[in-house]
Amino acid sequence: MINEDTICAIATAQGGAIGIVRVSGPQAISITDRIFTPAGRPIPLVQREPYTITFGHIYNDAGENIDDVLVSLFRAPHSYTGEDCTEISCHGSPYILQQVMQLLITHGCRSAHPGEYTQRAFLNGKMDLSQAEAVADLIASTSAASHRLAMNQMRGGFSHELGHLRDQLLHLTSLIELELDFSDHEELEFANRTELQVLSAKIEQLISHLVQTFALGNAIKNGIPVAIIGETNAGKSTLLNALVGEERAIVSDIHGTTRDVIEDTINIDGILFRFIDTAGIRETHDAIERLGIERTFQKIDQAEIVLWLMVPTDDSDRLYELASSILPRCAHKQLIIIYNKIDQADTCPSHFFHPSLPPHTLHLSLSAKYGIHLDELRQMLIETSHLPNVSSNDVIITNVRHFEALTNALKAIQQVQQGLTTGLSGDLISQDLRECLFYLGSIVGEVTTDEVLGNIFRNFCIGK
Ligand SMILES: Nc1nc2c(ncn2[C@@H]2O[C@H](COP(=O)(O)OP(=O)(O)OP(=O)(O)O)[C@@H](O)[C@H]2O)c(=O)[nH]1
Ligand SMILES: [Mg+2]
């Protein structure tokens with residue numbers, strides 16, 4: 001893949017002491033030469049050794065010195081993108097960086113699209129698609145676990161696992177297709193069906209295991225979803241704000257203040273939690289509030305931990321009734337019942353009881369507003385989050401695109417298994433196998449479309 005364009009972008013965030021402008025493409029070095037004058041011997045960059053750093057000055061077209069900079073030099077194919085590249089380290093002033101960008105563009109560069117460097121690295125075969133995606137995850141990682149997963153994926157751990165799967169699938173396909181090629185020779189038997197069944201069951205197990213890791217991967221990458229629910233005015237938004245340490249949600253003593261879902265993530269002791277403040281549940285004729293309450297129930301379904309807030313003024317009959325719609329949804333979740341506003345309670349509230357309470361339900365009294373017993377809540381969250389320690393060798397799916405592809409691959413291999421059991425003809429089984437291979441191939445980018453690539457790289461930052 002040859003890119004005609006030479007691209008440039010500011011690769012660093014605003015506000016730092018140093019700012020880096022990245023240039024990549026066939027003319028990266030010669031265009032940099034046009035705006036850069038080395039401080040020492042007047043040897044242009046094109047004649048210099050790659051993988052060196054040269055100190056010098058950037059002059060604008062009027063001969064004015066814009067900055068004193070360091071230029072790092074990389075030559076194709078041994079660079080991040082696989083193309084000729086330079087990186088100009090300037091002082092971090094937004095003015096300087098813009099001037100350098102402007103000069104590069106005047107001299108023939110084009111401003112890079114988000115993720116275009118990594119996209120070029122993929123198109124030039126420096127990494128496969130799942131590794132390219134891991135680059136974005138690595139930049140966005142907010143905890144030790146998400147960092148470890150992204151690092152492993154970027155280094156090819158997942159690609160290796162997929163390659164292994166693919167080899168087994170190809171083996172199975174070849175056994176079945178060989179049989180097809182020689183189907184006129186009835187006396188020949190290539191592989192008995194039981195053998196094929198064992199092989200496909202093994203593949204199904206591997207894919208199914210990968211699919212199952214997604215719940216964990218998602219929790220690590222996006223935070224363990226914790227829904228904060230309860231009646232209106234229970235103090236749900238106050239609790240969200242207290243946990244995340246800022247005024248994320250509006251708090252007021254008007255019932256029905258929160259109408260939509262408000263989410264924020266926070267790292268507690270190395271574990272990422274995604275707190276979801278929801279609309280308070282009550283009977284209402286307000287159509288919008290009702291939609292909000294519907295969402296509350298959806299969020300309970302999506303959560304792993306549910307914090308149900310109750311306050312001393314709650315009507316116990318109503319709570320009991322509410323429990324019959326909430327508890328069936330919490331059967332496989334960690335439910336923590338929180339008795340809020342203990343600063344207003346004369347006595348310690350007695351534990352709420354209902355026959356359908358999940359057996360591991362926890363209870364805690366606190367005050368969200370005055371920060372009483374919040375540390376106990378944090379401790380409870382950490383203890384109930386049950387995140388296994390992930391090591392850097394674990395292959396865990398964190399990406400929705402991969403999850404979808406693997407789910408489709410799983411369906412295809414299950415069709416294969418069914419076909420083998422019911423004695424379906426070889427050519428139909430082989431079609432399902434090809435489909436399974438297609439989905440696995442789509443993860444690493446063996447088969448891909450511009451649309452898919454566009455969707456992936458659009459979410460990258462500029463300069464990566
Ligand atoms: N005394 C006391 N008041 C509290 C406490 N927590 C919240 N409040 C008050 O209770 C009122 C309602 O708080 P919110 O956080 O808006 O309640 P909510 O559950 O989000 O309410 P909706 O969004 O309407 O469902 C506000 O006036 C808060 O200041 C607490 O621990 N003690
Ligand atoms: Mg609220």
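Order of listing sets the numbers, starting from 1, for every ligand and every atom in it. Heavy atoms only: backbone and side chains are in, while hydrogens, waters and symmetry mates are out.
In this model, no donor atom of one side chain and acceptor atom of the other lie less than 3.5 Å apart for His147 and Ser141. Looking at His113 and Gln119, their side chains never bring a donor and an acceptor atom within 3.5 Å of each other. Between the side chains of His209 and Gln205, not a single donor N or O lies within less than 3.5 Å of an accepting N or O. Side-chain contact annotation: Gln334 with Glu304, donor-acceptor N/O pair under 3.5 Å absent.
With a 4.0 Å cut-off on non-hydrogen atoms, Lys236 touches ligand 1 through its backbone as well as its side chain. Residue-level proximity to ligand 1 for Asp277 is absent, since no heavy atom of it falls below 4.0 angstrom. Only side-chain heavy atoms of Asp343 come within less than 4.0 Å of ligand 1; its backbone N, CA, C and O stay farther off.
The distance from the Mg ion (ligand 2) to the nearest N/O/S atom of Thr258 is under 2.8 Å. Because the distance cut-off is set at 2.8 Å, Ser237 qualifies as a neighbour of the Mg ion (ligand 2) through one of its N, O or S atoms.
Of all protein heavy atoms, the one lying nearest to atom 28 (C) of ligand 1 is Val251 CG1, 3.7 Å. In this structure, atom 6 (N) of ligand 1 lies nearest to the protein heavy atom Asn340 ND2, 3.3 Å.
Checked by distance only, ligand 1 and Gly280 come closer than 3.5 Å through their nitrogen or oxygen atoms. Between Thr232 and ligand 1, a contact under 3.5 Å exists for no N or O pair. Not one N or O of Ala279 is nearer than 3.5 Å to an N or O of ligand 1, by distance alone. The shortest N/O to N/O separation between Ala368 and ligand 1 falls below 3.5 Å.
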Would you please test Arg22 and Glu87 for salt bridge (Lys or Arg N to Asp or Glu O under 4.0 Å) and show each step? CA-CA 5 Å; Arg22 241 178 163 185; Glu87 283 182 13; 3.4 Å; yes
side-chain contact (heavy atoms from CB on, under 4.5 Å) between Gln197 and Gln417: does it pass, once the steps are laid out? CA-CA 6 Å; Gln197 270 168 343; Gln417 283 184 295; over 6 Å; no
Apply salt bridge (Lys or Arg N to Asp or Glu O under 4.0 Å) to the pair Arg295 and Asp260, showing each step before the final yes or no. CA-CA 8 Å; Arg295 284 197 184 177; Asp260 209 345; 2.7 Å; yes
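Using cut-offs of 30° and 60° for the angle between ring planes, the Phe457 and Phe460 rings count as tilted. Using bins of under 30°, 30° to 60° and over 60° for the plane-to-plane angle, the ring pair His354/Tyr320 lands in the tilted bin. Relative ring orientation between His351 and Tyr339 is described as parallel, the plane-to-plane angle staying below 30° on a 0-90° scale split at 30° and 60°.
Interface of His255 with ligand 1, defined as ligand atoms under 4.0 Å from a residue heavy atom, comprises 24 (O). Near Gln344, with a cut-off below 4.0 Å to any heavy atom, the atoms of ligand 1 are 1 (N). Short contacts between ligand 1 and Ser252, defined as distances under 4.0 Å to a heavy atom of the residue, involve ligand atoms 11 (C), 12 (C), 13 (O), 16 (O), 26 (C), 27 (O). Shown in contact with Ser237 at under 4.0 Å from a heavy atom are these atoms of ligand 1, numbered in order with element: 15 (O), 18 (P), 20 (O). Interface of Ile254 with ligand 1, defined as ligand atoms under 4.0 Å from a residue heavy atom, comprises 24 (O).
Within 6.0 Å of the CZ atom in Arg155, the count of heavy atoms belonging to other residues, nucleotides or ligands does not exceed 12.
Considering Asn233, Ile228, Leu309 only, the shortest heavy-atom separation from atom 21 (O) of ligand 1 involves Asn233. Considering Thr257, Asp253, Ile229 only, the shortest heavy-atom separation from atom 24 (O) of ligand 1 involves Thr257. If you check each of Gly235, Gly256, Ser367, Ala345 against atom 31 (O) of ligand 1, the one with the closest non-hydrogen atom is Ser367.
For the pair Lys411 and Tyr439, the cation-pi test (distance below 6.0 Å, angle within 45°) is failed.
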